[in-house]
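Heads up, the thing below is written out as structure tokens.
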Amino acid sequence: MTYNPRVIEPKWQQYWLEHETFKAGIDRDRPKYYVLDMFPYPSGDGLHVGHPEGYTATDIVARYKRMRGFNVLHPMGWDAFGLPAEQYAVETGTHPRETTSRNIETFKRQIQSLGFSYDWSREIDTTDPGYVKWTQWIFQEIHKLGLAYEAEIPVNWCPALGTVLANEEVIDGKSERGGYPVIRVPLKQWMLKITAYAERLLADLDDLDWPEPIKKLQRDWIGRSEGAEIIFDVVGHDVTIDVFTTRHDTLFGATYMVLAPEHPFVDLVTSDEQRSVVEVYKAEAARKSELRRQAELDEKTGVPTGGFCINPATGENIPIWIADYVLAHYGTGAVMGVPAHDPRDYAFATQFGLPIVEVVSGGDVANEAFTGDGTAVNSGFMNGLSTPEAKKATADWLEQHGHGKAAVSFKMRDWLFSRQRYWGEPFPVIHVDGEAKLVPFDELPVLLPDLDNFAPSGDFTTPLERVPEWINTTDPETGRPAVRDKNTMPQWAGSCWYYLRFVDPNNQQVAWSQEAERYWMPVDLYVGGAEHATLHLLYARFWHKVLFDLGHVSTHEPFQRLINQGMVQGFSYRYYDDNVDDADGGEVRRFQAKHVQPTLEGAEVDGIPVKPRWLAMSEIARDSEGRAVHPDDHDILLEEVIEKMSKSRGNVINPDDVVAAYGADSLRLYEMFMGPLEKAAPWSTEGIAGVYRFLQKAWRLLIDDRAEQEPLKELAEDAGTPAQVRLTALTVKGVTEDIEALRFNTAISKLMIWVRDIAKEGTVPREHAETFLLLLAPLAPHIAEELWARLGHATTLAYEPWPQHDEAAVRAETATMVVQVNGKLRDTFEVAVDINEEEAIATAMSSEKVQSFLSGADPKRVIAKPPKFVNLVV
RNA sequence: GCGGGUGUAGCCGAACUGGUAUAGGCGCCAGAUUUAGGAUCUGGUGGGUUUUGCCCAUUGGGGGUUCGAGUCCCUCCACCCGCACCA
């Protein structure tokens, strides 16, 4: 028998489980290391090869850190509430609880088959009542701080999903999941005041060891800008309109005022003559989908209200308009129109004939808005000031005259925290006489009622409202009739704090003990996809800071170091056909990609609309030249596309198949060998054969697989030849450095070189073989354990000390010295590493080849860095 | 449109602070072994050439700094990812 992962992998997985090899507990004698994966949503499709990429990386680090003496916390769990299970319930009537537990079972089996060193005694399921209880408790804690409130606001309503979505879940006017259209309707919603933490969420990013692009994404999402709030008196009414602007220095150029159509004062300031047009415009704006709004960015629409306000700087009356280019939810929902110095205002003013007054010189406002810095003109007391000076002067003037003050505004909005869905955490809240009251702590968790129809109602009512016996309850305090909250929390709720539950997952009394939290937190390494840059990672940071303020956690930030693994992509094969309606039967014409023109709605060939089609790798045919072609029509060349794996593209690789064919160690190794962890790369079915061969070679290096009992090969009991000593020392040094830097691809290539070369000039010394197995263990743990055992060790190598190398052994005695003439390589020498400059130059000059390039002349200049190189310049 | 990232062989990729570009793997070619195929092992694999050798080119394109550039600077191009009227 040769290397057989199908036998040894289940054996060691069993061993680790039975011996609880990776169970972690508080141990103050060892430094702790908390390494965490973004836990998965257990979808019905099971794991695909993208999941294990990050999991393998964290597992390597976890195993490596254990061997370096760290007490490692490495847990796994399930983010199990969410839309897909509920959608499935809508379609099939299967209770999401059933779907969820089945999916979890599949995920767990698959993850365990890959040999990850999770402490399974800490497994978490966010839908478990024992977990929901504490999610609800945290909501109540947030509520007690006044950070949760209900508001009637226009929300993103998705008719197809029957729910509202957070702004972050709406992409290009369509739902992130499913791509259904989204419209805006006002509904009463729970909001979390994340904006109260904007300043800290921004500032504390500085100290995090996160990828800079992710930090920038969060900074931009938070969107802090400094400017001023300016108060405009409204003519004829006893109200003021506040605006936020970053260009308060242009106040003298504000020639009109624009309110968002949803602004609360619109009705008040509208004159009787204008009332009907304003009403029409408001209605249109409300109906407009996000998609259309964004498609029409260039054309500005709006109507005058007939009302006026007073520019506090000029004292002049300026007209008040409404226009949907002003966003209701940013700043104050009102903007002062300064056409000369803002391109949007310029377009608006030009279109509606509003006056354009230059107040900063430096541009040509007859042609376009000038947005740069310049010198204030037409600006009364500020004339002659530079733009920064003018801003300061305006802020001071506003404050002195009671017309406003310097102010800061954020792009980030409060977090819309309720969903009109079933499969989520119920709010631990009852409503008594229209007042929201928290459910007493000892009644937590508030569990979902059972349901047999999960379909969305389509009329803005929620699934929970259909269970009157659950909705209707009594206030335990007063005995008065009350109703439960009809909404559920969004999927983010459970993932906002799971990393805290992992430190003390079975605690019945508290969400986590202070002792466990102080010992384990923060997470030292967090690995997951970049798609969570602004959602999960911002929400979790927000909750963490709230919990910090309440004294429940001891760190400001939850995740000290973050790595984004790249996507594992797949090869897919594409062509087009003209069956755009997906009709059955009939004549269908196929086209290859090069004839297809992209259009606004899709694609076309010679004016005929066409639709892309994908073929799975297993379905394609090859023509005589080996090109991918359509199986039924070899004239249709298929376009090879590298893209995200998805069912619709037919390019999904199932890890079960890979494990069955090559084993978990090969899968792990290949995922890491594909390239840098952060970089996306396409899965190659051939590529995995290479790492499989490497493991086979490693096996045969130590095992005589031709002999009957597959005995251990003869190993040398001495220290090895100098070359072997150096090779092993170099490998220890290189692999250690690479793992520390998460460069697993180069670590693997160094191990490959070791296997290739160690037996070149003699028998493998036992000592070296053991060192190799320890280096291999984090990456390919099953084979390492098996060979370790066969070398005569009775217990797991999971806690063996990590190999050290001798610096002296790494140092070579000679080096290759390069001689260049005019920067071009002309000769090389083996020289002693301690050669001095003089000797190096003399050696270089002694070369006949070099002399021939010098053609007799003396070099004008000599640059020597012994023992690396000598460069002769003529 | 704005912001960020990436670009090295047929493919995935390596190259520490500027110092022999292309390590390692895949694929391909040849040889060995084998009844054959597969598997395995050995060697080769940028181009040219008069082939134990010699010469030349090359890191998306162009330009620059430097004795020397994949690496630094400018500029252009392609692809990917965010954001998108944020006043």
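These numbers were taken from a predicted model, which means no experiment stands behind them. Here is how names work: the chains are called A, B, and so on, in the same order as the sequence lines, proteins then strands, and each is numbered from 1.
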Does [N] have a Watson-Crick or wobble partner in any strand here, with both distances under 3.5 angstrom, and which is it?
N: B/A78; value: B/U6
N: B/U65; value: none
N: B/U49; value: B/G53
N: B/U35; value: none
N: B/G18; value: none
N: B/A23; value: none
N: B/U42; value: B/A30
N: B/G70; value: none

Could you give the distance separating [M] and [N] at their [atom1] atoms, to the nearest angstrom?
N: B/C74; M: B/C85; atom1: C1'; result: 33 Å
N: B/A15; M: B/U6; atom1: P; result: 14 Å
N: B/G13; M: B/U33; atom1: P; result: 38 Å
N: B/C73; M: B/C79; atom1: P; result: 24 Å
N: B/C55; M: B/G60; atom1: P; result: 27 Å
N: B/U8; M: B/G4; atom1: C1'; result: 22 Å
N: B/G47; M: B/U22; atom1: P; result: 15 Å
N: B/U71; M: B/G7; atom1: P; result: 12 Å

The side chain of [X] lies closest to which of these nucleotides: [options]?
X: A/Arg693; options: B/C26, B/G13, B/A87; value: B/C26
X: A/Lys697; options: B/C26, B/G19, B/C41; value: B/C41
X: A/Val818; options: B/C67, B/A23, B/U20; value: B/U20
X: A/Glu686; options: B/A23, B/G25, B/C26; value: B/C26
X: A/Arg743; options: B/C85, B/G24, B/A15; value: B/A15
X: A/Ser749; options: B/G24, B/A87, B/C85; value: B/G24
X: A/Asp324; options: B/C85, B/G82, B/G4; value: B/C85
X: A/Lys216; options: B/A14, B/G3, B/A87; value: B/G3
X: A/Thr816; options: B/C67, B/G4, B/U20; value: B/U20

For a quick check of understanding: with a heavy-atom distance under 4.0 Å over all strands, which category does [X] fall into, base, sugar-phosphate or nothing?
X: A/Ile863; value: base
X: A/Pro676; value: sugar-phosphate
X: A/Lys679; value: sugar-phosphate
X: A/Lys215; value: nothing
X: A/Thr746; value: sugar-phosphate
X: A/Thr246; value: sugar-phosphate
X: A/Glu737; value: nothing
X: A/Asn745; value: sugar-phosphate
X: A/Val873; value: sugar-phosphate

For this session: Please say which of A/Val335, A/Ile320, A/Ile230 ends up in a side chain to side chain contact (heavy atoms under 4.5 Å, CB included) with A/Ile241.
Result: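 Answer to the side chain to side chain contact (heavy atoms under 4.5 Å, CB included) test with A/Ile241 among A/Val335, A/Ile320, A/Ile230: A/Ile320.
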
Exercise. Can you find a donor-acceptor N/O pair under 3.5 angstrom joining the side chain of A/Lys860 to the base of B/C67?
Worked result: no

For this session: Any chance you could lay out the side chain to side chain donor-acceptor pair (under 3.5 Å) test for A/Thr301 and A/Tyr281, step after step, and finish with the verdict?
Result: CA-CA 9 Å; A/Thr301 60; A/Tyr281 187 82; 2.7 Å; yes

For this session: Could you check A/Arg247 against A/Asp342 for salt bridge (charged side-chain N to carboxylate O under 4.0 Å, His left out), going step by step and ending with a plain yes or no?
Result: CA-CA 9 Å; A/Arg247 291 301 303 270; A/Asp342 181 285; over 6 Å; no

Exercise. Are a donor atom and an acceptor atom from the side chains of A/Thr816 and A/Glu830 found within less than 3.5 Å of each other?
Worked result: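 Yes - a donor-acceptor pair under 3.5 Å links their side chains.
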
Problem set entry | Value rounded to 0.5 Å, distance of CG in A/Leu217 from CG in A/Leu537 | 10.5 Å

Exercise. Can you check ring pair (Phe, Tyr, Trp, His ring centres under 6.0 Å) on A/Tyr256 and A/Phe348, steps first, answer last?
Worked result: CA-CA 10 Å; A/Tyr256 63 99; A/Phe348 191 78; 5.5 Å; yes

Exercise. Given the rule in the side-chain contact (heavy atoms from CB on, under 4.5 Å) test, do A/Val360 and A/Asp249 qualify, once you have shown the distances and angles that lead to the verdict?
Worked result: CA-CA 9 Å; A/Val360 182; A/Asp249 61 300; 3.9 Å; yes

Please confirm whether the shortest side-chain N or O distance from [X] to OP1 or OP2 of [N] is below 4.0 Å.
X: A/Thr534; N: B/G82; answer: no
X: A/Tyr670; N: B/G25; answer: no
X: A/Arg826; N: B/G68; answer: no
X: A/Arg861; N: B/C67; answer: yes
X: A/Gln696; N: B/U40; answer: yes

For this session: Whole angstrom is fine here: how far is it from CG in A/Asn564 over to C1' in B/C81?
Result: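 Going from CG in A/Asn564 over to C1' in B/C81 covers 11 Å.
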
Problem set entry | Interatomic distance, A/Leu217 CG vs B/C83 P [rounded to whole Å] | 7 Å

Exercise. Should the pair A/Tyr3 and A/Tyr692 be assigned to parallel (<30°), tilted (30 to 60°) or perpendicular (>60°) ring geometry?
Worked result: tilted

Exercise. For RNA chain B, whose closest nucleotide is more 5', that of A/Pro682 or that of A/Gly687?
Worked result: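 By nearest-heavy-atom nucleotide position, the 5'-most residue is A/Pro682.
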
Problem set entry | Residue mapping more 5' on RNA chain B - nearest nucleotide basis, A/Arg700 or A/Ser684 | A/Ser684

Problem set entry | Nearest heavy atoms of A/Asp665 and A/Leu695, plus distance in Å | CB-CD1, 3.7 Å

